[in-house]
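Heads up: the structure comes next, in structure tokens.
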Amino acid sequence: MSCKSNTSRIELKDTLLFCETSPYASLHEVQRNKDFIKLTEEAAENLQSLLVNEKNYIWIKSTFTIDKSLKYKDLALYIAFLRSADEVYFNGNLIGTYGDFPPNEFSAGFKAHYYPIHKDLINKEGENTILIKVWPGPLGAISDQIYIAQQKDAYIASEFKTFTNSKVNLIFSGAMILVFILYFIMHMGLKKFFDNVEYIVFSLLNLFTLLFLFPFYSAEVPWIQGLGINYLTILKATVCMGAFITIYFANSFIIAFLKFKISKHLLEFRLILLALPVFITYFIPTYKMLIDFIPFISAFVLLQFCFSIPKIFVAFKTPEKKTIARQLLGGFAPVILSIIIDVIIRLGFKIKNLPYFTLYGWQITIIIFLCYLVVRFNNAYSKNALLKTKLEEFNANLEEIVTIRTKELSDTNFVLTRGLEAVANVQKNFIPSFEANFPGWEIASKYSIFTDNVSGDIYDYYTKNSNLAGISIFDVSGHGIPAGLMTILAKGIISQHFMNSLDNKDSLTKVMNKINESYIQEKVNVENYMTGLLFRIAPVSRKNTCDIEIVNAGHPHPLYFDAKSNEITEIVYKHPDEQYGMIGIEGLGVSFPVTQIKSNVNDIFVLFTDGLIEAVDTTKEQYGIERLKKVIKANKNGSAKSILEAINKSLTTFLDGEPFHDDITIIVAKRKATGDYIEEI
């Protein structure tokens with residue numbers, strides 16, 4: 001026997017021996033046992049590993065002689081932690097117990113152990129023997145801070161250790177219950193007013209952190225032991241499942257805090273990754289299997305970080321999210337730093353008696369994010385309060401403001417009315433006639449304006465040597481004066497580039513690209529864009545055939561009735577993926593390939609803006625392209641005018657009094673034999 005001593009304490013860590021016994025071995029049998037062997041530091045950290053039979057117990061033994069300065073004083077045995085259930089005997093006398101033995105086993109957890117020893121029990125001249133009966137359990141370990149000291153000193157040390165290892169977690173858990181309730185109520189109360197997903201996620205994060213921390217303070221909640229819950233079940237529900245769910249919600253909080261959304265399918269996949277280890281853990285039957293499986297099932301949980309960490313990098317690359325990304329890293333800095341400290345202390349320096357700093361780091365992280373969310377709420381509340389103040393000021397001066405605003409609106413309305421009249425008059429002057437005849441062609445058109453007598457639609461016919469050389473139809477985004485002004489600008493640009501192409505033989509693709517470039521340059525900072533179609537039409541041949549080129553810039557596909565095949569189709573480029581883009585958006589990639597058609601007598605072409613096919617009836621059903629096709633085919637033998645009238649009648653019947661909500665332009669162009677052409681006088 002050997003031990004280190006001084007006048008204040010007797011160190012026992014180097015005197016510890018152990019042996020394995022059946023659960024039914026008596027104290028007398030253990031006292032007579034000669035098979036005690038040295039308890040190494042490594043073995044002390046994992047008492048379960050000492051067992052040959054998982055159901056057996058460990059007995060730990062220490063012998064020492066009392067120092068003369070302590071012979072006649074009441075002493076105590078101090079153990080920094082003994083994570084198991086235990087009974088302690090001093091010279092054959094029971095001096096204390098912690099936890100419960102099977103079948104209702106319960107570990108003492110991280111609480112420090114204090115066993116008072118009355119001075120009358122001390123052998124003052126010979127050896128004193130301490131025997132500790134231990135049910136190791138899955139996490140069984142004994143500290144190397146084990147010594148005999150005077151009761152006051154040992155009691156103060158045990159209370160301090162219990163506070164840092166256990167009670168502080170109990171206090172923090174109580175606070176987390178309040179945070180959970182507070183943020184759950186805040187989420188339910190405010191979700192109708194603004195998106196606050198981070199509130200409910202933060203609430204649940206606190207709830208499940210509380211569950212995970214339970215083993216660290218369970219010894220401070222004595223009524224838990226009286227419930228008779230199997231300790232294996234408690235470990236699975238807290239240390240394992242609690243950790244899994246906490247990690248899940250920690251990652252969910254990262255995503256929500258950064259104001260990212262994840263798809264329904266991705267959410268389902270994350271839940272599967274969570275459910276799998278929880279399900280496996282639930283069915284693990286023994287302590288040993290639980291310990292063996294934890295690394296395997298934890299891997300599934302760590303995959304959750306694959307969904308959140310990339311979001312942090314994306315946030316740093318997004319200007320409006322950089323600040324909250326920095327806040328996020330600042331909030332998690334304490335727990336990251338504390339993990340590093342724990343690794344260095346426990347693996348590098350092999351110090352086991354210090355508390356887990358990661359727990360403290362996580363608590364600080366929770367507090368930081370609590371502050372962040374409070375600041376967010378205060379900012380939102382301040383904005384609402386400011387708005388409320390402005391509304392109150394507005395109401396107080398409402399009569400005066402109404403008078404001023406009425407005059408301003410009257411003046412503005414006068415200007416707008418004059419402006420609308422001017423734009424409407426210009427548009428009326430550049431819109432071609434609704435009916436026109438050319439050699440080999442018969443054309444009819446309809447031009448319906450949605451609002452204010454100003455349209456965002458424009459169309460035109462182009463001639464060369466009295467022959468029809470082209471047709472255009474374009475749709476400017478928006479309504480009212482802005483759209484009307486853009487049509488006036490676009491009219492000149494389109495006509496100029498198209499007519500030039502008839503002389504310089506530019507491809508129709510190049511023409512549309514030039515229109516796009518010129519429109520972007522001329523409209524400067526106006527945000528309107530256009531979709532449109534260009535038809536370039538060659539003169540009708542002696543065989544009454546006609547070559548037509550069509551280019552589309554994001555416009556609804558025109559319809560083509562082929563008289564020979566009696567089929568009606570949409571005119572779409574043969575490789576649809578190569579046709580994309582619209583007019584007037586700087587930096588937008590565009591591709592305007594040309595589609596070519598050889599047209600014959602009685603072929604019909606119908607061009608229109610999206611206001612036609614997107615018109616809706618009282619049930620919100622759209623008029624649609626298929627209904628339009630049926631009308632054209634049913635009236636294929638009629639003139640261009642009669643086909644247009646049939647389309648208009650079909651649309652009116654479909655709407656059944658429901659107003660249309662966009663400008664509608666329709667052009668019907670029908671091929672005729674050149675011999676049928678009568679020049680207008």
Side-chain angles (χ1 to χ4, degrees), residues 430 432 436 438-441 443 445 457-476 487 489-522 529-541 545-562 569-586 588-600 603-610 665 667-671:
F430 69 54
F438 302 96
W441 289 95
I443 295 179
S445 62
D457 292 354
I458 47 173
Y459 71 97
D460 208 350
Y461 316 135
Y462 307 100
T463 61
K464 185 175 183 180
N465 301 326
S466 299
N467 290 308
L468 180 65
I471 302 173
S472 69
I473 182 170
F474 283 78
D475 184 359
V476 177
T487 62
L489 172 67
K491 163 79 173 178
I493 293 173
I494 297 165
S495 296
Q496 176 189 352
H497 288 298
F498 184 85
M499 295 305 296
N500 287 343
S501 75
L502 299 179
D503 297 325
N504 59 27
K505 307 301 181 183
D506 280 344
S507 71
L508 210 54
T509 295
K510 189 173 183 179
V511 174
M512 191 66 92
N513 281 321
K514 285 183 176 180
I515 292 171
N516 182 36
E517 293 167 3
S518 297
Y519 187 66
I520 291 172
Q521 182 178 359
E522 294 295 331
Y529 61 88
M530 293 192 300
T531 64
L533 291 169
L534 284 178
F535 275 52
R536 189 158 64 188
I537 302 168
V540 178
S541 70
T545 62
C546 179
D547 292 327
I548 303 174
E549 296 175 293
I550 304 106
V551 67
N552 190 329
H555 201 78
H557 300 298
L559 296 179
Y560 165 51
F561 174 74
D562 185 344
T569 58
E570 296 179 60
I571 301 176
V572 182
Y573 184 63
K574 58 185 177 181
H575 303 298
D577 291 343
E578 297 177 13
Q579 178 181 308
Y580 53 84
M582 55 192 68
I583 303 299
I585 302 179
E586 188 171 5
L588 177 70
V590 296
S591 176
F592 306 131
V594 175
T595 299
Q596 295 181 331
I597 294 176
K598 184 177 286 293
S599 174
N600 298 287
D603 286 355
I604 302 169
F605 297 87
V606 179
L607 295 69
F608 50 88
T609 54
D610 57 7
T665 300
I667 302 172
V668 178
K670 184 170 184 178
R671 279 294 323 283

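Along the sequence shown, residues carry numbers from 1.
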* Note, T531 side chain near D610 side chain (heavy atom, < 4.5 Å) -> no
* Asked: For I667 and S472, which heavy atoms make the closest approach, and how far apart are they?
  -> CD1-O, 4.2 Å
* To do: May I ask you to decide if N500's main-chain N or O and D503's side chain share a donor-acceptor pair within less than 3.5 Å?
  => no
* Nearest 0.5 Å please: distance from the NZ atom of K505 over to the NZ atom of K510. => 14.5 Å
* Specify the closest pair of heavy atoms between N516 and M582, including all atoms of both residues, with the distance to one decimal. => OD1-O, 3.8 Å
* Does some side-chain heavy atom of Y560 sit less than 4.5 Å from a side-chain heavy atom of I550? -> no
* To the nearest 0.5 Å, what is the distance between OG (S518) and CD1 (I493)? -> 5.5 Å
* Structure fact -> On a heavy-atom basis, the closest approach of G532 and M512 is O-CE, 4.0 Å
* Do I597 and D562 have side chains that get closer than 4.5 Å, going by heavy atoms? -> no
* Non-hydrogen side-chain atoms of P558 and I571 separated by less than 4.5 Å -> yes
* side-chain hydrogen bond (donor to acceptor under 3.5 Å, both in side chains), paired with D506, selected from H497, R536, K514 -> K514
* Asked: Side chain of H555, backbone of F608: donor and acceptor closer than 3.5 Å?
  -> yes
* Structure fact -> Tightest non-hydrogen contact, residues N467 and P539, listed as ND2-CB, 4.4 Å
* **Pairwise side-chain contact, L468 with Y461, heavy-atom cut-off 4.5 Å (strictly under)** => yes
* **Close side-chain approach of I471 and L607, heavy atoms under 4.5 Å** => yes
* Structure fact -> Rounding to 0.5 Å, atoms NZ (K598) and OG1 (T545) come to a distance of 4.5 Å
* Asked: Side chain of T509, backbone of F592: donor and acceptor closer than 3.5 Å?
  -> yes
* To do: Mind running side-chain contact (heavy atoms from CB on, under 4.5 Å) on V668 and I604 for me, showing each step along the way?
  => CA-CA 7 Å; V668 178; I604 302 169; 4.2 Å; yes
* Spacing of CG belonging to N552 relative to CG belonging to L534, to within rounding of 0.5 Å -> 9.5 Å
* Asked: Can you tell me how far the CZ atom of F474 sits from the CD1 atom of I494, to the nearest 0.5 Å?
  -> 4.0 Å
* Under 3.5 Å, side chain of S501 to main-chain N/O of F498, donor-acceptor pair present? -> yes
* To do: Under the side-chain contact (heavy atoms from CB on, under 4.5 Å) rule, what do W441 and V540 come out as? Steps first, then yes or no, please.
  => CA-CA 9 Å; W441 289 95; V540 178; 4.2 Å; yes
* Spacing of E517 atom CD and E586 atom CD [to the nearest 0.5 Å] -> 11.0 Å
* Under 3.5 Å, is there a donor-acceptor pair between the T609 and D475 side chains? -> no
* Contact summary for P439 and S466, nearest pair of heavy atoms -> CD-O, 3.4 Å
* Asked: Which heavy atom in V551 sits nearest to a heavy atom in P593, and how many Å separate them?
  -> CG2-O, 3.7 Å
* Asked: Within a strict 4.5 Å, meaning less than it, do heavy atoms of the D457 and I473 side chains meet?
  -> no
